[in-house]
Amino acid sequence: MKLADVLILSLALALIIIGIHQSMTVGIGYSYSIFMFAVALLFWFQIRRNKQAAEEKESSTKKKPGRKR
């Protein structure tokens, strides 16, 4: 996992915690945007992770040049 992925995931989890606190203190209406931003970051993290897995799979399936026996 790259540093950017760790930062995105950490920020999303921090926003979820902040959103829970806000919803308990002032109500769900005020924390809705915080939750939606956290969900967007989680989707972005998942897209990056899937793209990285696809690149690793593609690079491992390429045939290496060499002699045929």
Side-chain angles (χ1 to χ4, degrees):
M1 196 177 330
K2 295 182 179 180
L3 179 63
D5 294 333
V6 172
L7 291 175
I8 292 169
L9 184 61
S10 300
L11 184 58
L13 294 177
L15 285 174
I16 289 172
I17 293 170
I18 292 169
I20 290 170
H21 176 266
Q22 288 293 314
S23 65
M24 289 175 19
T25 56
V26 293
I28 193 75
Y30 292 100
S31 62
Y32 180 78
S33 60
I34 295 171
F35 282 125
M36 289 301 108
F37 193 62
V39 168
L41 287 175
L42 288 173
F43 279 130
W44 188 23
F45 172 75
Q46 188 67 32
I47 289 169
R48 288 177 57 93
R49 202 167 89 176
N50 289 342
K51 185 177 178 183
Q52 183 181 8
E55 289 174 355
E56 288 176 1
K57 184 178 178 182
E58 181 182 313
S59 66
S60 67
T61 59
K62 288 184 178 177
K63 292 186 178 181
K64 296 179 183 176
R67 296 187 313 184
K68 293 184 180 179
R69 292 184 180 192

Whichever hydrophobic residues join Ile47 through chains of side-chain contacts under 4.5 Å: none

Residue pairs, two or more places apart or on separate chains, that pass salt bridge (charged side-chain N to carboxylate O under 4.0 Å, His left out) and touch residues 3-30: Asp5-Arg48

Qualifying salt bridge (charged side-chain N to carboxylate O under 4.0 Å, His left out) pairs, either residue in residues 19-29, two or more places apart: none

side-chain hydrogen bond (donor to acceptor under 3.5 Å, both in side chains) partners of Gln52, counting only residues at least two apart: none

Just distance, no hydrogens or angles: give the donor-acceptor pairs under 3.5 Å from side chains in residues 24-42, sequence neighbours left out.
| from | atom 1 | to | atom 2 | distance (Å) |
| --- | --- | --- | --- | --- |
| Thr25 | OG1 | His21 | O | 3.0 |
| Thr25 | OG1 | Gln22 | O | 3.3 |
| Ser31 | OG | Ile28 | O | 3.3 |

Interatomic distance, Ile18 atom CD1 to Ser23 atom OG [nearest 0.5 angstrom]: 12.0 Å

Between CG on residue Leu15 and CG on residue Leu11, distance to nearest 0.5 Å: 4.5 Å

Same apolar cluster (I L V M F W Y, side chains within < 4.5 Å links), Leu9/Val6: yes

Phe45 side, atom CZ; Leu13 side, atom CG - distance, nearest 0.5 Å: 9.0 Å

Sequence neighbours excluded, every pair satisfying salt bridge (charged side-chain N to carboxylate O under 4.0 Å, His left out) that has a member inside residues 28-39: none

